[in-house]
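Worksheet: one structure, shown below.
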Protein chains: 2
Amino acid sequence: MIKRKQDKSKIPAVTINRLSIYFRCLNRLLETSEGRNLKTISSHKISQLTAINSTQVRKDLAYFGEFGKRGIGYPVNHLNEAIRKILGLDKKWNIIIAGAGNLGKALADYKGFKKKGFLIKGIFDNEPEKIGKNIGHILVYNIEDMQELIIKWNIQIGVIAVPADAAQNIANKMVAGGVQSILNFAPVSLVTFPGIRIKNVDLSIELEGLTYYLNT
Amino acid sequence: MIKRKQDKSKIPAVTINRLSIYFRCLNRLLETSEGRNLKTISSHKISQLTAINSTQVRKDLAYFGEFGKRGIGYPVNHLNEAIRKILGLDKKWNIIIAGAGNLGKALADYKGFKKKGFLIKGIFDNEPEKIGKNIGHILVYNIEDMQELIIKWNIQIGVIAVPADAAQNIANKMVAGGVQSILNFAPVSLVTFPGIRIKNVDLSIELEGLTYYLNT
DNA sequence: TAGATTGTTAATCGATTAACAATC
DNA sequence: TAGATTGTTAATCGATTAACAATC
(Lines give C-alpha, C1' and ligand atoms only; values in the text may rest on other atoms or scores of the structure.)
Protein backbone atom coordinates (compact mmCIF):
# COMPACT_ATOMS: atom_id res chain seq x y z
CA MET A 1 0.00 0.00 0.00
CA ILE A 2 1.36 3.41 -0.94
CA LYS A 3 1.47 5.79 2.00
CA ARG A 4 -0.91 8.69 1.40
CA LYS A 5 0.07 12.31 1.84
CA GLN A 6 3.76 11.44 1.77
CA ASP A 7 5.55 14.82 1.92
CA LYS A 8 7.76 14.88 -1.18
CA SER A 9 10.12 17.48 0.28
CA LYS A 10 11.13 14.99 2.98
CA ILE A 11 12.34 12.39 0.50
CA PRO A 12 15.90 12.86 -0.77
CA ALA A 13 16.16 13.57 -4.50
CA VAL A 14 18.79 10.82 -4.77
CA THR A 15 16.14 8.36 -3.55
CA ILE A 16 14.01 9.28 -6.57
CA ASN A 17 16.96 8.74 -8.89
CA ARG A 18 17.56 5.33 -7.38
CA LEU A 19 13.85 4.52 -7.74
CA SER A 20 14.32 5.00 -11.49
CA ILE A 21 17.22 2.56 -11.35
CA TYR A 22 15.20 -0.05 -9.43
CA PHE A 23 12.36 0.40 -11.89
CA ARG A 24 14.59 -0.19 -14.89
CA CYS A 25 16.17 -3.16 -13.20
CA LEU A 26 12.75 -4.75 -12.55
CA ASN A 27 11.63 -4.01 -16.10
CA ARG A 28 14.68 -5.73 -17.52
CA LEU A 29 14.12 -8.66 -15.20
CA LEU A 30 10.50 -9.03 -16.28
CA GLU A 31 11.62 -9.15 -19.90
CA THR A 32 13.49 -12.40 -19.22
CA SER A 33 11.78 -15.77 -18.77
CA GLU A 34 13.78 -16.23 -15.58
CA GLY A 35 12.40 -12.96 -14.25
CA ARG A 36 8.79 -13.62 -15.25
CA ASN A 37 8.85 -16.86 -13.25
CA LEU A 38 10.04 -15.01 -10.17
CA LYS A 39 7.34 -14.31 -7.59
CA THR A 40 9.47 -12.24 -5.26
CA ILE A 41 12.81 -10.48 -5.20
CA SER A 42 14.95 -9.64 -2.18
CA SER A 43 16.67 -6.33 -1.50
CA HIS A 44 19.90 -8.29 -1.70
CA LYS A 45 19.13 -9.42 -5.27
CA ILE A 46 18.20 -5.87 -6.29
CA SER A 47 21.46 -4.76 -4.71
CA GLN A 48 23.42 -7.22 -6.87
CA LEU A 49 21.69 -6.05 -10.04
CA THR A 50 22.06 -2.33 -9.40
CA ALA A 51 25.23 -2.08 -7.30
CA ILE A 52 23.24 -0.18 -4.67
CA ASN A 53 23.57 -1.25 -1.02
CA SER A 54 20.68 -3.49 0.06
CA THR A 55 19.93 -1.45 3.19
CA GLN A 56 19.67 1.55 0.91
CA VAL A 57 17.21 -0.33 -1.32
CA ARG A 58 14.99 -1.20 1.66
CA LYS A 59 15.19 2.32 3.08
CA ASP A 60 14.35 3.91 -0.27
CA LEU A 61 11.32 1.67 -0.77
CA ALA A 62 10.17 2.13 2.82
CA TYR A 63 9.67 5.86 2.21
CA PHE A 64 6.65 4.94 0.10
CA GLY A 65 5.10 2.00 1.89
CA GLU A 66 5.63 -1.54 3.07
CA PHE A 67 5.96 -3.36 -0.21
CA GLY A 68 7.73 -6.45 1.07
CA LYS A 69 7.08 -9.39 3.38
CA ARG A 70 9.65 -10.25 6.04
CA GLY A 71 11.40 -13.50 5.34
CA ILE A 72 10.06 -13.49 1.76
CA GLY A 73 11.03 -10.37 -0.15
CA TYR A 74 9.20 -8.00 -2.50
CA PRO A 75 6.56 -9.25 -4.97
CA VAL A 76 8.18 -8.40 -8.32
CA ASN A 77 5.10 -7.41 -10.28
CA HIS A 78 3.52 -5.41 -7.54
CA LEU A 79 6.73 -3.57 -6.71
CA ASN A 80 7.24 -2.76 -10.38
CA GLU A 81 3.74 -1.31 -10.67
CA ALA A 82 4.08 0.59 -7.40
CA ILE A 83 7.28 2.30 -8.54
CA ARG A 84 5.69 3.11 -11.90
CA LYS A 85 2.90 4.92 -10.07
CA ILE A 86 5.25 6.70 -7.68
CA LEU A 87 7.31 8.05 -10.58
CA GLY A 88 4.12 9.11 -12.37
CA LEU A 89 4.82 6.84 -15.33
CA ASP A 90 1.27 5.52 -15.34
CA LYS A 91 0.30 8.94 -16.73
CA LYS A 92 0.90 10.58 -20.09
CA TRP A 93 3.17 13.63 -20.09
CA ASN A 94 3.18 16.24 -22.84
CA ILE A 95 6.58 17.54 -23.87
CA ILE A 96 8.00 20.08 -26.28
CA ILE A 97 11.58 20.46 -27.43
CA ALA A 98 13.10 23.86 -28.11
CA GLY A 99 15.89 23.69 -30.66
CA ALA A 100 15.90 21.58 -33.85
CA GLY A 101 19.68 21.19 -33.99
CA ASN A 102 21.50 17.88 -33.76
CA LEU A 103 20.64 17.38 -30.13
CA GLY A 104 17.00 18.38 -30.55
CA LYS A 105 16.72 15.93 -33.45
CA ALA A 106 18.35 13.12 -31.48
CA LEU A 107 15.96 13.73 -28.57
CA ALA A 108 12.91 13.89 -30.86
CA ASP A 109 13.89 10.55 -32.35
CA TYR A 110 14.66 8.91 -29.02
CA LYS A 111 12.48 5.81 -28.75
CA GLY A 112 12.61 5.68 -24.95
CA PHE A 113 10.25 8.64 -24.65
CA LYS A 114 7.14 7.02 -26.11
CA LYS A 115 7.76 3.78 -24.26
CA LYS A 116 7.68 5.58 -20.93
CA GLY A 117 4.56 7.63 -21.69
CA PHE A 118 6.21 10.86 -22.80
CA LEU A 119 4.54 12.48 -25.81
CA ILE A 120 6.62 14.94 -27.79
CA LYS A 121 4.03 17.31 -29.21
CA GLY A 122 6.36 19.57 -31.15
CA ILE A 123 9.82 20.95 -31.78
CA PHE A 124 10.50 24.68 -31.98
CA ASP A 125 13.15 26.59 -33.86
CA ASN A 126 13.73 30.06 -35.28
CA GLU A 127 15.33 29.03 -38.59
CA PRO A 128 12.83 29.41 -41.44
CA GLU A 129 14.32 26.42 -43.36
CA LYS A 130 13.55 24.13 -40.44
CA ILE A 131 10.04 25.35 -39.62
CA GLY A 132 7.28 23.25 -41.21
CA LYS A 133 9.52 20.22 -41.73
CA ASN A 134 9.20 16.91 -39.90
CA ILE A 135 11.74 15.31 -37.61
CA GLY A 136 10.74 11.69 -37.24
CA HIS A 137 6.98 12.14 -36.96
CA ILE A 138 7.18 15.44 -35.16
CA LEU A 139 6.63 18.81 -36.81
CA VAL A 140 9.00 21.76 -36.33
CA TYR A 141 7.14 24.96 -35.37
CA ASN A 142 8.11 28.61 -35.24
CA ILE A 143 9.55 29.48 -31.86
CA GLU A 144 7.31 32.58 -31.92
CA ASP A 145 4.29 30.31 -31.50
CA MET A 146 5.74 28.32 -28.62
CA GLN A 147 4.02 30.08 -25.74
CA GLU A 148 0.61 29.81 -27.38
CA LEU A 149 1.02 26.13 -28.24
CA ILE A 150 2.24 25.23 -24.74
CA ILE A 151 -1.14 26.38 -23.47
CA LYS A 152 -3.12 24.75 -26.30
CA TRP A 153 -1.36 21.40 -25.92
CA ASN A 154 -1.22 21.47 -22.13
CA ILE A 155 2.54 20.98 -22.01
CA GLN A 156 4.04 20.06 -18.64
CA ILE A 157 7.69 19.55 -19.55
CA GLY A 158 9.91 21.68 -21.75
CA VAL A 159 13.23 20.44 -23.06
CA ILE A 160 15.84 23.08 -23.88
CA ALA A 161 18.25 22.11 -26.65
CA VAL A 162 19.21 25.57 -27.91
CA PRO A 163 22.60 27.34 -27.68
CA ALA A 164 23.66 28.67 -24.28
CA ASP A 165 22.99 32.33 -25.05
CA ALA A 166 19.38 31.65 -26.07
CA ALA A 167 18.51 29.29 -23.23
CA GLN A 168 17.39 31.77 -20.57
CA ASN A 169 15.04 33.53 -22.98
CA ILE A 170 13.51 30.19 -24.03
CA ALA A 171 13.14 29.15 -20.39
CA ASN A 172 11.33 32.40 -19.60
CA LYS A 173 8.93 31.82 -22.49
CA MET A 174 8.30 28.22 -21.46
CA VAL A 175 7.45 29.26 -17.93
CA ALA A 176 5.27 32.10 -19.20
CA GLY A 177 3.36 29.51 -21.25
CA GLY A 178 2.78 27.33 -18.20
CA VAL A 179 5.48 24.69 -18.33
CA GLN A 180 6.13 23.32 -14.84
CA SER A 181 9.40 21.48 -15.39
CA ILE A 182 12.41 22.05 -17.60
CA LEU A 183 15.08 19.66 -18.76
CA ASN A 184 17.97 21.88 -19.77
CA PHE A 185 20.76 20.70 -22.07
CA ALA A 186 22.24 24.18 -22.57
CA PRO A 187 25.45 24.76 -20.61
CA VAL A 188 24.19 27.65 -18.49
CA SER A 189 22.89 28.11 -14.97
CA LEU A 190 19.32 29.16 -15.67
CA VAL A 191 17.75 31.72 -13.39
CA THR A 192 15.04 29.73 -11.70
CA PHE A 193 11.44 30.48 -10.95
CA PRO A 194 9.54 29.63 -7.78
CA GLY A 195 7.71 26.33 -8.12
CA ILE A 196 9.39 25.45 -11.43
CA ARG A 197 11.72 22.45 -11.35
CA ILE A 198 14.79 22.51 -13.58
CA LYS A 199 17.08 19.59 -14.29
CA ASN A 200 20.37 20.23 -16.00
CA VAL A 201 22.16 17.76 -18.23
CA ASP A 202 25.59 19.19 -18.80
CA LEU A 203 28.10 17.47 -21.03
CA SER A 204 31.00 19.72 -20.02
CA ILE A 205 30.55 18.98 -16.35
CA GLU A 206 30.47 15.24 -17.02
CA LEU A 207 33.55 15.31 -19.25
CA GLU A 208 35.50 17.55 -16.89
CA GLY A 209 34.62 15.13 -14.11
CA LEU A 210 36.56 12.57 -16.14
CA THR A 211 39.55 14.68 -17.17
CA TYR A 212 40.11 15.86 -13.61
CA TYR A 213 40.73 12.26 -12.52
CA LEU A 214 42.69 11.41 -15.69
CA ASN A 215 44.94 14.41 -15.11
CA THR A 216 48.16 13.54 -13.30
CA MET B 1 49.98 28.25 -5.87
CA ILE B 2 48.39 24.87 -6.48
CA LYS B 3 48.95 22.49 -3.60
CA ARG B 4 51.14 19.60 -4.70
CA LYS B 5 50.28 15.98 -4.02
CA GLN B 6 46.65 16.84 -3.26
CA ASP B 7 44.98 13.46 -2.71
CA LYS B 8 42.12 13.39 -5.21
CA SER B 9 40.16 10.81 -3.24
CA LYS B 10 39.77 13.31 -0.37
CA ILE B 11 38.03 15.89 -2.52
CA PRO B 12 34.27 15.41 -2.94
CA ALA B 13 33.16 14.68 -6.51
CA VAL B 14 30.54 17.43 -6.18
CA THR B 15 33.36 19.90 -5.62
CA ILE B 16 34.78 18.95 -9.03
CA ASN B 17 31.37 19.47 -10.61
CA ARG B 18 31.14 22.90 -9.03
CA LEU B 19 34.65 23.71 -10.23
CA SER B 20 33.32 23.21 -13.78
CA ILE B 21 30.54 25.63 -12.98
CA TYR B 22 32.92 28.26 -11.60
CA PHE B 23 35.13 27.80 -14.64
CA ARG B 24 32.28 28.36 -17.05
CA CYS B 25 31.11 31.35 -15.05
CA LEU B 26 34.58 32.96 -15.22
CA ASN B 27 34.86 32.19 -18.93
CA ARG B 28 31.56 33.90 -19.62
CA LEU B 29 32.62 36.85 -17.52
CA LEU B 30 35.90 37.21 -19.40
CA GLU B 31 33.96 37.30 -22.67
CA THR B 32 32.30 40.55 -21.61
CA SER B 33 34.07 43.93 -21.57
CA GLU B 34 32.87 44.39 -18.01
CA GLY B 35 34.55 41.14 -17.03
CA ARG B 36 37.79 41.81 -18.83
CA ASN B 37 38.23 45.05 -16.90
CA LEU B 38 37.76 43.22 -13.61
CA LYS B 39 40.99 42.56 -11.71
CA THR B 40 39.45 40.49 -8.94
CA ILE B 41 36.22 38.73 -8.09
CA SER B 42 34.81 37.90 -4.66
CA SER B 43 33.32 34.59 -3.58
CA HIS B 44 30.12 36.56 -3.04
CA LYS B 45 30.04 37.66 -6.70
CA ILE B 46 30.72 34.10 -7.88
CA SER B 47 27.91 33.01 -5.60
CA GLN B 48 25.51 35.46 -7.24
CA LEU B 49 26.45 34.26 -10.74
CA THR B 50 26.25 30.55 -9.99
CA ALA B 51 23.67 30.32 -7.21
CA ILE B 52 26.19 28.43 -5.09
CA ASN B 53 26.72 29.52 -1.48
CA SER B 54 29.79 31.77 -1.10
CA THR B 55 31.25 29.73 1.78
CA GLN B 56 30.97 26.73 -0.49
CA VAL B 57 32.84 28.58 -3.23
CA ARG B 58 35.70 29.47 -0.86
CA LYS B 59 35.85 25.98 0.58
CA ASP B 60 35.89 24.35 -2.87
CA LEU B 61 38.71 26.59 -4.07
CA ALA B 62 40.66 26.18 -0.83
CA TYR B 63 41.02 22.44 -1.53
CA PHE B 64 43.46 23.34 -4.28
CA GLY B 65 45.36 26.30 -2.91
CA GLU B 66 45.13 29.87 -1.67
CA PHE B 67 44.03 31.65 -4.80
CA GLY B 68 42.60 34.75 -3.17
CA LYS B 69 43.76 37.70 -1.07
CA ARG B 70 41.89 38.55 2.12
CA GLY B 71 40.03 41.80 1.84
CA ILE B 72 40.49 41.79 -1.97
CA GLY B 73 39.11 38.65 -3.61
CA TYR B 74 40.34 36.27 -6.31
CA PRO B 75 42.36 37.50 -9.32
CA VAL B 76 40.00 36.63 -12.19
CA ASN B 77 42.54 35.62 -14.81
CA HIS B 78 44.73 33.65 -12.50
CA LEU B 79 41.79 31.81 -10.95
CA ASN B 80 40.44 30.98 -14.39
CA GLU B 81 43.79 29.51 -15.48
CA ALA B 82 44.23 27.64 -12.20
CA ILE B 83 40.85 25.92 -12.55
CA ARG B 84 41.60 25.10 -16.19
CA LYS B 85 44.76 23.30 -15.05
CA ILE B 86 43.04 21.52 -12.16
CA LEU B 87 40.37 20.16 -14.50
CA GLY B 88 43.07 19.09 -16.98
CA LEU B 89 41.69 21.35 -19.71
CA ASP B 90 45.16 22.65 -20.56
CA LYS B 91 45.77 19.23 -22.10
CA LYS B 92 44.40 17.54 -25.22
CA TRP B 93 42.21 14.48 -24.68
CA ASN B 94 41.56 11.86 -27.32
CA ILE B 95 38.01 10.57 -27.53
CA ILE B 96 36.09 8.01 -29.54
CA ILE B 97 32.34 7.62 -29.82
CA ALA B 98 30.71 4.21 -30.10
CA GLY B 99 27.40 4.37 -31.95
CA ALA B 100 26.64 6.46 -35.04
CA GLY B 101 22.95 6.85 -34.32
CA ASN B 102 21.21 10.17 -33.70
CA LEU B 103 22.89 10.70 -30.35
CA GLY B 104 26.34 9.69 -31.62
CA LYS B 105 25.91 12.12 -34.52
CA ALA B 106 24.81 14.94 -32.24
CA LEU B 107 27.79 14.35 -29.96
CA ALA B 108 30.22 14.17 -32.89
CA ASP B 109 28.93 17.51 -34.13
CA TYR B 110 28.95 19.15 -30.72
CA LYS B 111 31.12 22.27 -31.00
CA GLY B 112 31.88 22.43 -27.30
CA PHE B 113 34.27 19.47 -27.52
CA LYS B 114 36.96 21.07 -29.66
CA LYS B 115 36.79 24.33 -27.75
CA LYS B 116 37.64 22.56 -24.53
CA GLY B 117 40.50 20.48 -25.96
CA PHE B 118 38.62 17.25 -26.64
CA LEU B 119 39.55 15.61 -29.93
CA ILE B 120 37.07 13.12 -31.36
CA LYS B 121 39.27 10.76 -33.30
CA GLY B 122 36.59 8.48 -34.65
CA ILE B 123 33.05 7.11 -34.45
CA PHE B 124 32.35 3.37 -34.46
CA ASP B 125 29.32 1.45 -35.66
CA ASN B 126 28.44 -2.03 -36.89
CA GLU B 127 26.12 -1.03 -39.75
CA PRO B 128 27.89 -1.42 -43.10
CA GLU B 129 25.98 1.52 -44.64
CA LYS B 130 27.41 3.85 -42.01
CA ILE B 131 31.02 2.66 -42.01
CA GLY B 132 33.33 4.74 -44.19
CA LYS B 133 31.02 7.77 -44.21
CA ASN B 134 31.76 11.08 -42.53
CA ILE B 135 29.79 12.70 -39.73
CA GLY B 136 30.87 16.32 -39.63
CA HIS B 137 34.58 15.88 -40.22
CA ILE B 138 34.82 12.58 -38.38
CA LEU B 139 34.97 9.21 -40.09
CA VAL B 140 32.79 6.25 -39.07
CA TYR B 141 34.82 3.07 -38.53
CA ASN B 142 33.91 -0.58 -38.16
CA ILE B 143 33.31 -1.43 -34.52
CA GLU B 144 35.48 -4.54 -35.10
CA ASP B 145 38.49 -2.25 -35.41
CA MET B 146 37.75 -0.24 -32.27
CA GLN B 147 40.09 -1.99 -29.85
CA GLU B 148 43.03 -1.74 -32.24
CA LEU B 149 42.42 1.95 -33.01
CA ILE B 150 42.06 2.85 -29.33
CA ILE B 151 45.64 1.71 -28.87
CA LYS B 152 46.90 3.31 -32.07
CA TRP B 153 45.27 6.69 -31.33
CA ASN B 154 46.03 6.65 -27.61
CA ILE B 155 42.41 7.14 -26.63
CA GLN B 156 41.72 8.08 -23.00
CA ILE B 157 37.95 8.58 -23.06
CA GLY B 158 35.27 6.43 -24.66
CA VAL B 159 31.73 7.67 -25.19
CA ILE B 160 29.02 5.02 -25.36
CA ALA B 161 26.02 5.98 -27.51
CA VAL B 162 24.80 2.51 -28.47
CA PRO B 163 21.55 0.74 -27.45
CA ALA B 164 21.33 -0.57 -23.89
CA ASP B 165 21.81 -4.22 -24.78
CA ALA B 166 25.07 -3.56 -26.63
CA ALA B 167 26.57 -1.19 -24.06
CA GLN B 168 28.29 -3.64 -21.73
CA ASN B 169 30.02 -5.42 -24.60
CA ILE B 170 31.25 -2.09 -25.99
CA ALA B 171 32.46 -1.02 -22.56
CA ASN B 172 34.42 -4.27 -22.18
CA LYS B 173 36.09 -3.71 -25.55
CA MET B 174 36.92 -0.10 -24.72
CA VAL B 175 38.56 -1.11 -21.47
CA ALA B 176 40.40 -3.96 -23.19
CA GLY B 177 41.77 -1.39 -25.63
CA GLY B 178 43.03 0.78 -22.82
CA VAL B 179 40.38 3.44 -22.34
CA GLN B 180 40.56 4.84 -18.81
CA SER B 181 37.24 6.69 -18.61
CA ILE B 182 33.82 6.10 -20.06
CA LEU B 183 30.94 8.48 -20.60
CA ASN B 184 27.89 6.25 -20.88
CA PHE B 185 24.64 7.41 -22.47
CA ALA B 186 23.08 3.94 -22.59
CA PRO B 187 20.41 3.36 -19.93
CA VAL B 188 22.15 0.49 -18.13
CA SER B 189 24.23 0.05 -15.01
CA LEU B 190 27.54 -1.00 -16.52
CA VAL B 191 29.60 -3.55 -14.65
CA THR B 192 32.61 -1.55 -13.64
CA PHE B 193 36.31 -2.29 -13.77
CA PRO B 194 38.88 -1.41 -11.13
CA GLY B 195 40.58 1.88 -11.91
CA ILE B 196 38.18 2.75 -14.72
CA ARG B 197 35.94 5.74 -14.14
CA ILE B 198 32.42 5.65 -15.58
CA LYS B 199 30.04 8.59 -15.77
CA ASN B 200 26.43 7.93 -16.67
CA VAL B 201 24.16 10.38 -18.44
CA ASP B 202 20.69 8.95 -18.19
CA LEU B 203 17.73 10.66 -19.79
CA SER B 204 15.15 8.43 -18.11
CA ILE B 205 16.43 9.20 -14.65
CA GLU B 206 16.36 12.93 -15.35
CA LEU B 207 12.84 12.84 -16.81
CA GLU B 208 11.48 10.64 -14.04
CA GLY B 209 13.02 13.06 -11.58
CA LEU B 210 10.64 15.61 -13.10
CA THR B 211 7.48 13.50 -13.41
CA TYR B 212 7.77 12.38 -9.80
CA TYR B 213 7.41 15.96 -8.63
CA LEU B 214 4.77 16.79 -11.26
CA ASN B 215 2.71 13.81 -10.15
CA THR B 216 0.00 14.71 -7.69
C1' DT C 1 11.85 -24.67 14.72
C1' DA C 2 15.64 -22.58 11.75
C1' DG C 3 16.68 -19.63 8.06
C1' DA C 4 15.60 -15.69 5.39
C1' DT C 5 14.45 -11.15 4.89
C1' DT C 6 11.99 -6.92 5.86
C1' DG C 7 11.37 -2.34 8.14
C1' DT C 8 13.43 0.70 11.29
C1' DT C 9 16.50 2.54 14.81
C1' DA C 10 20.87 4.16 15.94
C1' DA C 11 25.59 4.98 14.55
C1' DT C 12 28.48 6.63 11.19
C1' DC C 13 30.00 9.18 7.60
C1' DG C 14 30.39 13.13 4.74
C1' DA C 15 28.94 17.52 2.94
C1' DT C 16 27.19 22.20 3.80
C1' DT C 17 27.12 26.33 6.24
C1' DA C 18 27.80 29.67 10.09
C1' DA C 19 31.12 32.07 12.43
C1' DC C 20 35.28 34.40 12.88
C1' DA C 21 40.32 35.34 13.17
C1' DA C 22 43.60 36.81 9.80
C1' DT C 23 44.80 40.26 6.71
C1' DC C 24 44.54 43.22 2.70
C1' DT D 1 41.73 52.98 11.04
C1' DA D 2 37.38 50.85 9.05
C1' DG D 3 35.52 47.88 5.69
C1' DA D 4 35.96 43.95 2.86
C1' DT D 5 36.94 39.43 2.12
C1' DT D 6 39.59 35.20 2.50
C1' DG D 7 40.74 30.64 4.60
C1' DT D 8 39.48 27.61 8.16
C1' DT D 9 37.32 25.78 12.30
C1' DA D 10 33.33 24.16 14.43
C1' DA D 11 28.43 23.34 14.16
C1' DT D 12 24.83 21.66 11.60
C1' DC D 13 22.50 19.09 8.48
C1' DG D 14 21.47 15.15 5.80
C1' DA D 15 22.44 10.76 3.72
C1' DT D 16 24.39 6.08 4.16
C1' DT D 17 25.04 1.96 6.55
C1' DA D 18 25.25 -1.37 10.45
C1' DA D 19 22.56 -3.75 13.51
C1' DC D 20 18.61 -6.05 14.92
C1' DA D 21 13.78 -7.00 16.40
C1' DA D 22 9.79 -8.48 13.90
C1' DT D 23 7.92 -11.93 11.18
C1' DC D 24 7.25 -14.91 7.22
Side-chain angles (χ1 to χ4, degrees), chain A residues 1-3 6-22 26 38-80 82-83 86 205 209 212, chain B residues 1-3 6-22 26 38-80 82-83 86 205 209 212:
Chain A
M1 191 65 61
I2 296 172
K3 284 176 189 167
Q6 175 67 62
D7 184 350
K8 293 193 175 184
S9 67
K10 294 225 174 58
I11 296 168
V14 279
T15 287
I16 307 307
N17 290 345
R18 284 191 298 260
L19 232 48
S20 289
I21 296 172
Y22 306 146
L26 294 174
L38 235 53
K39 282 258 176 324
T40 58
I41 189 167
S42 67
S43 59
H44 182 66
K45 187 77 202 292
I46 296 177
S47 172
Q48 285 178 330
L49 294 169
T50 58
I52 294 166
N53 183 296
S54 67
T55 306
Q56 184 87 80
V57 173
R58 295 200 297 282
K59 179 123 213 188
D60 284 340
L61 296 175
Y63 278 114
F64 301 97
E66 301 196 0
F67 300 112
K69 272 210 177 29
R70 289 159 199 240
I72 306 291
Y74 300 92
V76 186
N77 272 301
H78 177 241
L79 183 61
N80 187 51
I83 299 178
I86 293 166
I205 290 177
Y212 167 75
Chain B
M1 189 68 58
I2 295 171
K3 285 178 190 167
Q6 175 66 61
D7 185 350
K8 292 193 175 184
S9 68
K10 295 227 173 54
I11 297 169
V14 279
T15 287
I16 307 306
N17 290 345
R18 284 191 298 259
L19 231 46
S20 289
I21 296 172
Y22 307 146
L26 293 175
L38 235 53
K39 281 259 177 319
T40 59
I41 189 168
S42 68
S43 59
H44 183 66
K45 188 76 203 291
I46 295 176
S47 172
Q48 285 179 330
L49 294 169
T50 58
I52 295 167
N53 181 298
S54 67
T55 305
Q56 185 87 81
V57 173
R58 295 200 297 282
K59 178 123 212 188
D60 284 340
L61 295 176
Y63 278 115
F64 301 96
E66 301 196 2
F67 299 112
K69 273 209 179 24
R70 288 158 200 239
I72 307 291
Y74 299 93
V76 186
N77 272 302
H78 176 242
L79 183 61
N80 187 52
I83 298 178
I86 292 166
I205 292 178
Y212 167 75

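In what follows, every chain begins at residue 1, and chains take the letters A, B, ... in the order their sequences are listed.
As judged by a 4.0 angstrom heavy-atom cut-off over every strand, B/T15 is placed among residues making no nucleic acid contact. In this structure, B/S54 reaches neither bases nor backbone, as no heavy-atom distance under 4.0 Å exists between it and the strands shown. Among the protein residues, A/S42 comes within range of the sugar-phosphate backbone only, with heavy atoms under 4.0 Å from sugar or phosphate atoms but none that close to a base.
A straight line from CZ of B/F64 to C1' of D/dG7 spans 15 Å, rounded to a whole angstrom. Taking atom CD1 on B/I11 and atom P on C/dG14, their separation rounds to 15 Å, with Å as the unit. Regarding A/L38, its CG atom lies at a distance of 12 Å from the P atom of C/dT5, rounded to whole Å. Rounding to whole angstrom units, NZ of residue A/K59 and C1' of D/dA15 are separated by 9 Å. D/dT6 atom P lies 17 Å from atom OH of B/Y63, rounded to whole Å. Rounding to whole angstrom units, CD of residue A/E66 and C1' of C/dT5 are separated by 13 Å. Atom-to-atom, CD1 of A/I46 to P of C/dG7 comes out at 11 Å; the value is rounded to the nearest Å. Distance B/H44 NE2 to D/dG3 P: 18 Å, rounded to the nearest Å.
At D/dT5, none of the side-chain N or O atoms of B/S43 fall inside 4.0 Å of OP1 or OP2 (strictly under the cut-off). Side-chain N/O atoms of A/T55 include none lying less than 4.0 angstrom from OP1 or OP2 on D/dA18.
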Annotated structure of DNA chain D as dot-bracket, pair cut-off 3.5 Å, Watson-Crick or G-U only, | for inter-strand, is ..||||||||||||||||||||||
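In this structure, B/L26 CG and B/H78 NE2 are separated by 12.0 Å, a value rounded to the nearest 0.5 Å. If you take CD1 on A/I52 and NZ on A/K59, they are separated by 15.5 Å, rounding to the nearest 0.5 Å. Taken from CD in A/Q48 to OG in A/S54, the straight-line distance is 9.5 Å, to the nearest 0.5 Å.
Put simply, the residue from A/T15, A/T55, A/N53, A/N17 that forms a side-chain hydrogen bond (donor to acceptor under 3.5 Å, both in side chains) with A/D60 is A/T15.
For A/Q56, counting side-chain heavy atoms from C-beta on, the closest listed nucleotide (D/dT17, C/dT8, D/dT6) is D/dT17. Considering only the side chain of B/Y74, D/dG7 comes nearest among D/dG7, D/dA18, C/dT6. Distance from the side chain of A/P12 is smallest to D/dA15 among D/dT17, C/dG7, D/dA15. Here the side chain of A/V14 is nearest to one of D/dA15, C/dA19, C/dA10, namely D/dA15.
A distance-only check finds a donor-acceptor pair linking the side chain of A/K8 to the backbone of B/Y212 [under 3.5 Å].
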Verdict with supporting geometry, B/I46 and B/Y22, side-chain contact (heavy atoms from CB on, under 4.5 Å): CA-CA 7 Å; B/I46 295 176; B/Y22 307 146; 3.9 Å; yes
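With contacts defined as side-chain heavy-atom distances shorter than 4.5 Å, the pair A/I83/A/F67 does not qualify. Taking the side chain as every heavy atom from C-beta outward, A/I16 and B/I205 never approach each other to under 4.5 Å. Using a 4.5 Å cut-off on side-chain heavy atoms (C-beta onward), B/Y74 and B/T40 make no contact.
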What's touching nucleotides 20-24 of chain D from the protein side, N or O pairs under 3.5 Å?
residue	atom	partner	partner atom	Å
D/dA22	O4'	A/R70	NH1	3.4
D/dA22	N3	A/R70	NH1	3.2
D/dC24	O4'	A/R70	O	2.9

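Here the shortest heavy-atom pairing between A/S43 and A/R58 reads OG-NH1, 3.0 Å.
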